[in-house]
Amino acid sequence: MNIQSMLSSSSRHLRCYIAAAAASDLRALTFLPNSAPIRRPNHNPPPFSTSVDPPLFSTATRFISSSRTSSSLEQEATLNQILSSIQNAATLLESLYENRLFLSPKSFKRVLVAAAAESNDLSLLSQLLQVAIASSQPLNSACFLTVAKAFAKSDDCAELLRLTKQVMELTSPSMTVINRILFAFGECGETEKALLIFSQMKTLDFVPDLYTHNTVLEILGYAGRIDEMLGQFGVMKETGIVPDVVSYNTVLNNLRKLGKFDVCMFYFKEMGENGVEADLLTYTAVIESLGRSGNVEEALRFFDEMKARHIRPSLYVYRSLITNLKKMGKVDLALSLTEEMNSCDSELAGPTDFKRNKRL
DNA sequence: GTAGGGTTAG
């Protein structure tokens with residue numbers, strides 16, 4: 001079966017394939033050092049693979065031992081073969097995947113970059129991404145960003161809508177892939193295209209999840225579209241998605257950036273009423289909002305509360321407080337806070353301390 | 001490796 005017929009036919013087969021791959025408990029077999037994990041279903045032959053035997057355990061074992069002895073030259077040769085015939089990349093990848101061979105995300109990204117540079121239209125790129133998703137090719141955020149950047153250069157909204165529709169059909173009901181694509185468009189500043197994807201999701205009766213909403217809140221906020229961000233925040237709550245600390249921090253920090261300090265405090269209050277616990281980023285936004293609006297006493301009160309709750313302050317929080325204390329003429333307090341900051345420099349919260357998964 | 005400090009103007 002070729003790539004065109006595979007992609008144009010019902011996506012049901014591809015979904016079965018995904019399910020089979022997901023059911024696989026043979027994991028992360030290394031093709032090469034620092035290279036792609038090889039995943040293979042251990043039952044249910046892939047529907048569109050007619051030439052490969054069902055991967056029984058014995059064949060799996062043989063495959064494992066043979067893949068262990070694969071040289072890096074083989075991996076490089078495979079990649080070069082794809083790159084040298086980029087127009088046929090989707091077909092070549094498909095046969096690769098049928099043999100349970102996956103490129104590393106880095107190698108796959110090189111294929112995407114080559115496809116983006118080579119083709120005038122975006123359909124090749126779109127096909128590559130779909131084949132990869134259907135086959136559970138490991139994809140990192142750089143892969144999605146490459147696709148988003150290529151689409152950013154084009155005004156071909158039809159191709160974008162086609163891609164998102166097909167990706168959603170392939171990955172339903174999981175939202176992970178489409179959320180990552182949405183994020184990638186946001187990351188390269190493609191606000192309109194990201195919002196187009198978001199509206200396409202809703203048109204196709206996909207239910208945006210918490211990650212989708214949080215991503216959209218950030219995209220709107222970063223674009224300075226504060227009213228739309230707050231509107232979307234309301235819609236989110238109305239549709240039964242309960243905002244979490246990331247949702248609130250996104251709203252709070254974008255309000256703070258635009259100097260909407262009173263609105264920021266309004267949503268901080270709401271956050272507490274809804275039982276969402278403040279973290280480092282929350283306190284940062286609140287302390288900065290209060291300090292900038294001249295309310296340094298309140299800012300200091302939240303600073304103490306934060307420390308009492310064993311949330312380590314960051315350099316940002318100290319700098320904000322010190323600057324605003326000086327502005328208000330409280331030089332002594334500013335000095336003592338500076339000393340405090342310098343005395344505990346190694347204990348300050350680092351750039352990744354607010355990340356949610358760090359605490360789980 | 002699905003989301004929230006864009007080395008945040010200080």
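Excluded from the calculations below are hydrogen atoms, water molecules and symmetry mates; all remaining heavy atoms, backbone and side chain alike, are included. Order of the sequence lines sets the chain letters (A, B, ...), proteins ahead of strands, with each chain counted from 1. Because the structure is predicted, anything quoted here is derived from the model rather than measured.
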Item to check | Intermediate values then yes/no, ring-ring contact (aromatic ring centres under 6.0 Å, His included), A:Y248 and A:F233 | outcome: CA-CA 9 Å; A:Y248 275 104; A:F233 192 44; 5.2 Å; yes

Checklist entry - Which whole number of Å gives the distance between the C1' atom of B:dG10 and that of B:dG5? => result 15 Å

Item to check | Interatomic distance at P, B:dT2 relative to B:dT7, whole Å | outcome: 23 Å

Checklist entry - Do the non-hydrogen side-chain atoms of A:M271 and A:V245 ever get within less than 4.5 Å of each other? => result yes

Checklist entry - Are side-chain heavy atoms of A:L255 and A:M265 found at a separation under 4.5 Å? => result no

What is the separation between atom [atom1] on [X] and atom [atom2] on [N], rounded to the nearest whole Å?
X: A:K327; N: B:dA9; atom1: NZ; atom2: P; value: 13 Å
X: A:L145; N: B:dG6; atom1: CG; atom2: C1'; value: 14 Å
X: A:D353; N: B:dG5; atom1: CG; atom2: P; value: 15 Å
X: A:L182; N: B:dA3; atom1: CG; atom2: P; value: 11 Å
X: A:L315; N: B:dG10; atom1: CG; atom2: P; value: 13 Å
X: A:I241; N: B:dT2; atom1: CD1; atom2: C1'; value: 14 Å
X: A:N253; N: B:dT8; atom1: CG; atom2: C1'; value: 9 Å
X: A:M168; N: B:dT2; atom1: CE; atom2: C1'; value: 16 Å

Side chain of [X] only, heavy atoms from C-beta on: which candidate in [options] is closest?
X: A:T176; options: B:dT2, B:dA3, B:dG10; answer: B:dT2
X: A:Y316; options: B:dG10, B:dA3, B:dT8; answer: B:dT8
X: A:E288; options: B:dT8, B:dG10, B:dG1; answer: B:dG10
X: A:Y222; options: B:dG1, B:dA3, B:dG6; answer: B:dG6
X: A:D209; options: B:dG5, B:dA3, B:dT2; answer: B:dT2
X: A:T323; options: B:dG1, B:dA3, B:dG10; answer: B:dG10
X: A:N324; options: B:dG10, B:dG5, B:dG1; answer: B:dG10

Item to check | Phosphate OP1/OP2 of B:dA9: any A:K257 side-chain N/O under 4.0 Å | outcome: no

Item to check | Distance below 4.0 Å between A:R319 side-chain N/O and B:dA9 OP1 or OP2 | outcome: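 For B:dA9, OP1/OP2 do not have a side-chain N/O of A:R319 under 4.0 Å.
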
Checklist entry - Between A:F102 and A:Y97, does the ring centre distance come in under 6.0 Å? => result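 Yes, ring centres under 6.0 Å apart.
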
Checklist entry - Are A:V216 and A:I241 connected in the hydrophobic side-chain network, where two residues link if heavy atoms are under 4.5 Å apart? => result yes

[X] near the nucleic acid: base, sugar-phosphate alone, or nothing, with a heavy-atom cut-off under 4.0 Å?
X: A:L139; answer: base
X: A:D244; answer: base
X: A:Y248; answer: nothing
X: A:G350; answer: base

Next on the checklist: Any N or O donor-acceptor pair under 3.5 Å from the base of B:dG6 to the side chain of A:E218?
Outcome noted: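 No, the side chain and the base share no sub-3.5 Å donor-acceptor pair.
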
Item to check | Residue mapping more 5' on DNA chain B - nearest nucleotide basis, A:N179 or A:S314 | outcome: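 It is A:N179 whose nearest nucleotide is closer to the 5' end.
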
Checklist entry - A:Y211 or A:T284: which one's nearest nucleotide on DNA chain B is closer to the 5' end? => result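 The answer here is A:Y211.
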
Item to check | Spatial distance of atom CG (A:L93) from atom CG (A:L103) [nearest 0.5 Å] | outcome: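 Reported value, rounded in 0.5 Å steps: 5.5 Å.
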
